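Notes follow once the structure below has been shown.
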Amino acid sequence: AVLAKDPYGEDCRYQQYPPTGATFRGSVPDYIINLDLPPRERWVQLAHEKKDELKTIVEHIKKVMIVFFPSGKLLHLLESKMAWLGSTLPYPFNEEIEGIAHAAEVGLGDIVVFNVFYEIFTV
Amino acid sequence: CTSIIAEDKAGKLYHARNLDFGLFLGWDIKNSSWIVTQILKPLMVSLDFQRNNKTVFRSANLAGYVGMVSGIRPGIFTLTMNERFSIDGGYIGVFEWIFGKRDGWWMGFLTRSVLENSTSYEEAKDRLTNARLLAPAYFILAGNQSGQGSVITRSRTAALDVWNLNASFGTWYVLETNYDRWKVPLAVDDRRTPAMKCMNRTMQQNVSLPALYNVLSTKPILNKLTVSTTLMEVSEGRIETYLRDCPDPCSPW
């Protein structure tokens, strides 16, 4: 069998660094996480400053779930159970997640989903 | 995702990764991109975890996620994780957790714990190899000495393979996408072959963070799912993260 050439492939790139041009979207902001603080307080500044972006991703995940399960029953079930799941997570992660949900003004269950998404997504 | 560890002729180790995420979670026709990938970009941050005003470890992370997908313990080791898809996937581990079997680690919590608490490459490798997990994963771990680099292929319960750097026998880099190294990647998602081609062209004597950035900027290693590129150099404790775009024509994954 003859495989077709990858239509999106290209020759190896050179001279891309320092990042500029069309493939470079920007740098990322820096934050300090103080591990001496109680877990609930560690992420407050970051979660507060990124609350709009967090709400956007949470709302989108909900929209995707509605597409696959239009009745909304699964979504309601998950929302009610995820907060409980959060309480079963090991210390200090459970408390850090609670602190993020509070600071970002997002439901605890939603932040729990965001934090366990990898385990669900690997299917 | 694509993660690479490379060792130069002097034994210096470099570690870099593309973070790809958002497949099948909605396509934005207008902007020709995955919706989740675009939404995640403003959430990317660079974090410095400190105790007593001193850096313990640093990471490139998504705001709101307390686990780690890329991080560096300066002077000691660097770590990235790539998704590993399996029928025996994380949902089974989640169900087990819900029903009270809680002896496994959530992936992100394990990587966070390793970065926060492990004080050597060997200790980190041992934990990543032997800890019980809720979901399969690839851990890509590099130390600060020649030969200290490995790709650990994990099922939920065991290490299926540990692929080590061995520059004196020609293995001067290890490279992981989202497929077991002993299996052929899907023909429509082969980022491994072009990445290896570019690494081989780069050659060991030219390895550097800019060289790895070049490889990770080549399509389809750079693709529509790519959120960011992170570059790490352990001896200097250097970590740099850049948000990425992949203008058309560009592979959707």
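For the numbers below, each heavy atom of this structure counts, side chains included, while hydrogens, waters and symmetry mates do not. What you see is a predicted model, and the numbers here were worked out from it, not measured in a lab.
Within the 4.5 Å cutoff, no side-chain heavy atoms of A:Tyr31 are placed close to those of B:Ser46. Residues B:Trp97 and A:Thr88 are in side-chain contact: their nearest non-hydrogen atoms beyond the backbone lie under 4.5 Å apart. The shortest distance between side-chain heavy atoms of B:Leu134 and A:Val116 does not fall below 4.5 Å. Annotation: side chain of B:Val69 is not in contact with side chain of A:Tyr118 (no heavy-atom distance under 4.5 Å).
Note that the CG atom of A:Asn34 and the CG atom of B:Asn52 stand 9.0 Å from one another [nearest 0.5 Å]. Atom OG1 of residue B:Thr218 and atom CD of residue A:Gln16 lie 7.0 Å apart, to the nearest 0.5 angstrom. Atoms CZ and OG, on A:Arg25 and B:Ser228 in that order, are 11.5 Å from each other to the nearest 0.5 Å.
Counting heavy-atom pairs closer than 4.5 Å to chain A, the top residue among B:Arg112, B:Arg191, B:Glu116, B:Met44 is B:Arg112.
Using a 4.0 Å cut-off between a side-chain N of Lys or Arg and a carboxylate O of Asp or Glu, A:Asp11 and B:Arg201 qualify as a salt bridge.
With B:Arg244 contributing its side chain and A:Thr23 its backbone, the two residues share a donor-acceptor pair below 3.5 Å. The backbone N or O of B:Lys219 lies less than 3.5 Å from a partner atom in the side chain of A:Glu10, making a donor-acceptor pair.
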message: Pair B:Trp106, A:Phe117 - check ring-ring contact (aromatic ring centres under 6.0 Å, His included), show working.
response: CA-CA 10 Å; B:Trp106 298 82; A:Phe117 203 66; over 10 Å; no

query: Step by step, would you call B:Val36 with A:Val64 a side-chain contact (heavy atoms from CB on, under 4.5 Å)?
result: CA-CA 10 Å; B:Val36 166; A:Val64 171; 5.5 Å; no

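A perpendicular orientation is assigned to the rings of A:Phe114 and B:Tyr65, their planes being inclined by more than 60° (bins at 30° and 60°).
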